[in-house]
**Q** 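Next up is a structure, given as structure tokens.
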Amino acid sequence: MVALRLIPCLDVAGGRVVKGVNFVGLRDAGDPVELACRYSQSGADELVFLDIAASHEGRSTLIELVQRTAESVTIPFTVGGGISSLRGITDLLRAGADKVSLNSSAVHSPELISQGADRFGCQCIVVAIDARRRTTGLSGWDVFVKGGRQNTGLDALHWAREVAALGAGEILLTSMDGDGTQAGYDLELTRAITDSVPIPVIASGGAGCIEHIADAFTRGGASAALLASLLHDGVLTVDEIKTELLERSLLIRPIEK
């Protein structure tokens, strides 16, 4: 069996880590390199670094910041934001990323998923899905792009199946309704996606306590849990979370001390 993972997320805008609620009301949460080092040293299993304004602003990811961050950590590192070509993927992997995360570009050019998987391997290609529950019409969740600004009209479950078929190695699934609320992951959404695809799913959006994280694994079926506000605000540490999850007999990598 593969160990469950805890993954701190660094959402970056203007060269700083930011955090909001439901993708709006962003506030400063610190220096990305400093936080990356802290989480790497504290026992996180991986990191995710997302340049959240890149696609909306029509520019590529900040390579120099990626290089400095990647040079400072000793754990696998995923980078996303503004990646629109194989050249963009190549540049980020050369800058030190272990994986890349595609979101808006995957929706607009799905062939980029299969092209990236063919050239670099499925394990390097993560597809991020930002999903919001429908409030009218059919039940389910719509897929949003451009940092949550644009509703594509795509059904999240159908899109998840498609990206898996195209060769994505992993899905980073964010509940826009839960993002930053610390009210818990959307377990219905998470379970619906994990039951629909044969690849690992990272649950994101809403972690506020250890119970939420445990639920993402046991009830949501997630392979990993993305953490942001909970860690940035010092509510819990990676060590505290891992200790508690191990006591619950979940398959977590212990921190080497």
Side-chain angles (χ1 to χ4, degrees), residues 7-18 23 26 31-33 35-36 40 46-73 75-131 143-152 154 159-160 162-174 176 199-202 204 224 226 228:
I7 307 177
C9 181
L10 308 177
D11 288 337
V12 175
R16 299 284 293 178
V17 175
V18 296
F23 281 42
L26 300 180
D31 176 76
V33 177
L35 287 175
S40 178
E46 298 183 20
L47 290 169
V48 168
F49 170 34
L50 300 176
D51 186 345
I52 61 172
S55 292
H56 174 64
E57 295 173 359
R59 58 171 175 77
S60 59
T61 307
L62 301 173
I63 295 292
E64 187 270 338
L65 183 56
V66 172
Q67 289 174 327
R68 290 195 296 116
T69 304
E71 289 169 356
S72 302
V73 302
I75 55 178
F77 187 36
T78 300
V79 180
I83 306 168
S84 58
S85 65
L86 282 176
R87 168 57 63 184
I89 296 174
T90 301
D91 289 345
L92 288 170
L93 294 177
R94 286 178 175 171
D98 296 279
K99 311 175 192 178
V100 296
S101 174
L102 308 175
N103 190 339
S104 300
S105 61
V107 170
H108 298 310
S109 303
E111 66 275 8
L112 184 59
I113 301 171
S114 53
Q115 290 171 355
D118 288 343
R119 179 169 296 188
F120 305 105
C122 294
Q123 76 284 350
C124 288
I125 307 300
V126 178
V127 172
I129 298 178
D130 296 334
V143 174
F144 282 69
V145 294
K146 302 293 184 183
R149 296 173 178 85
Q150 179 183 329
N151 187 347
T152 67
L154 287 171
W159 178 231
E162 184 174 348
V163 303
L166 286 168
E170 194 163 25
I171 289 173
L172 170 52
L173 176 66
T174 299
M176 293 181 62
I199 59 177
V201 174
I202 305 168
S204 170
L226 205 73

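The analysis underlying the following values was restricted to heavy atoms, covering all of them including side chains, and did not include hydrogens, waters or symmetry mates.
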**Q** Distance from Ile202 atom CD1 to Cys9 atom SG, nearest 0.5 Å?
**A**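 Result: 9.5 Å between the selected atoms.
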
**Q** I need the minimum non-hydrogen distance between Val33 and Ser72, along with the two atoms involved.
**A** CG1-OG, 3.5 Å

**Q** Which atom names give the shortest non-hydrogen contact between Ala224 and Ile7, and what distance separates them?
**A**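 Minimum heavy-atom separation between Ala224 and Ile7: CB-CD1, 3.7 Å.
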
**Q** Run the side chain to side chain contact (heavy atoms under 4.5 Å, CB included) test against Ala168 and tell me which residues pass, sequence neighbours left out.
**A**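 Ala168: side chain to side chain contact (heavy atoms under 4.5 Å, CB included) contacts with Ile113, Val127, Val163, Ile199.
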
**Q** Can Val100 and Val126 be said to form a side-chain contact (heavy atoms from CB on, under 4.5 Å), step by step?
**A** CA-CA 6 Å; Val100 296; Val126 178; over 6 Å; no

**Q** Can you name the nearest heavy-atom pair linking Pro32 to Val12, along with the distance?
**A** CB-CG2, 4.0 Å

**Q** How long is the gap from CG on Leu172 to CG on Leu226, to the nearest 0.5 Å?
**A** 5.5 Å

**Q** Find the distance between CD1 (Ile129) and CZ (Phe144) and round it off to the nearest 0.5 Å.
**A**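 One finds 13.5 Å between CD1 of Ile129 and CZ of Phe144.
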
**Q** With rounding to the nearest 0.5 angstrom, report the CG to CG distance, Asn103 to Leu50.
**A** 8.5 Å

**Q** Pro8: which residues meet the side chain to side chain contact (heavy atoms under 4.5 Å, CB included) condition with it, sequence neighbours left out?
**A**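 Only Tyr39, Ala44, Leu47, Leu231 meet the side chain to side chain contact (heavy atoms under 4.5 Å, CB included) criterion with Pro8.
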
**Q** To the nearest 0.5 angstrom, please state how far the CD1 atom of Ile125 sits from the CG atom of Leu112.
**A**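 It comes to 7.0 Å.
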
**Q** Locate the shortest heavy-atom distance separating Ser84 from Ser105; write the atom from each residue and the value.
**A**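 In terms of heavy atoms, the two residues are closest at CA-CB, 3.9 Å.
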
**Q** Taking it one step at a time, do Leu92 and Ile63 satisfy side-chain contact (heavy atoms from CB on, under 4.5 Å)?
**A** CA-CA 7 Å; Leu92 288 170; Ile63 295 292; 3.5 Å; yes

**Q** Please identify each residue that fulfils side chain to side chain contact (heavy atoms under 4.5 Å, CB included) with Asp118, with sequence neighbours left out.
**A** none

**Q** Say you draw a straight line from CG of Asn151 to CG of Asp130; how long is it, rounded to the nearest 0.5 Å?
**A** 11.5 Å

**Q** Please identify each residue that fulfils side chain to side chain donor-acceptor pair (under 3.5 Å) with Ser40, with sequence neighbours left out.
**A**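 Residues passing side chain to side chain donor-acceptor pair (under 3.5 Å) with Ser40: Thr74.
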
**Q** Taking only residues two or more places apart in sequence, or in another chain, which ones meet Arg119 in a side chain to side chain donor-acceptor pair (under 3.5 Å)?
**A** none

**Q** Could you list the residues that satisfy salt bridge (Lys or Arg N to Asp or Glu O under 4.0 Å) with Arg94, not counting sequence neighbours?
**A** none

**Q** Can you pull the salt bridge (Lys or Arg N to Asp or Glu O under 4.0 Å) pairs that have at least one residue in residues 96-110, sequence neighbours excluded?
**A**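 Passing the test, one end in residues 96-110: Glu46-Lys99, Lys99-Glu170.
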
**Q** Just jot down the side chain to side chain contact (heavy atoms under 4.5 Å, CB included) partners of Gln150, sequence neighbours excluded, or say none.
**A** His108, Val145, Lys146

**Q** Testing the basics here: between Ile83 and Ser101, what is the closest heavy-atom pair and its distance to 0.1 Å?
**A** CD1-O, 3.6 Å

**Q** Does any non-hydrogen side-chain atom of Leu65 lie less than 4.5 Å from one of Phe49?
**A**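 SC-SC contact between Phe49 and Leu65 confirmed.
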
**Q** Might you point out which heavy atoms bring Cys122 and Gly167 nearest each other, and give the distance in Å?
**A**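 What the structure gives for the nearest pair is SG-O, 3.1 Å.
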
**Q** Can you sort out the partners of Glu162 under salt bridge (Lys or Arg N to Asp or Glu O under 4.0 Å), two or more places apart, ordered by chain and number?
**A**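 Salt bridge (Lys or Arg N to Asp or Glu O under 4.0 Å) list for Glu162, sorted by chain: empty.
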
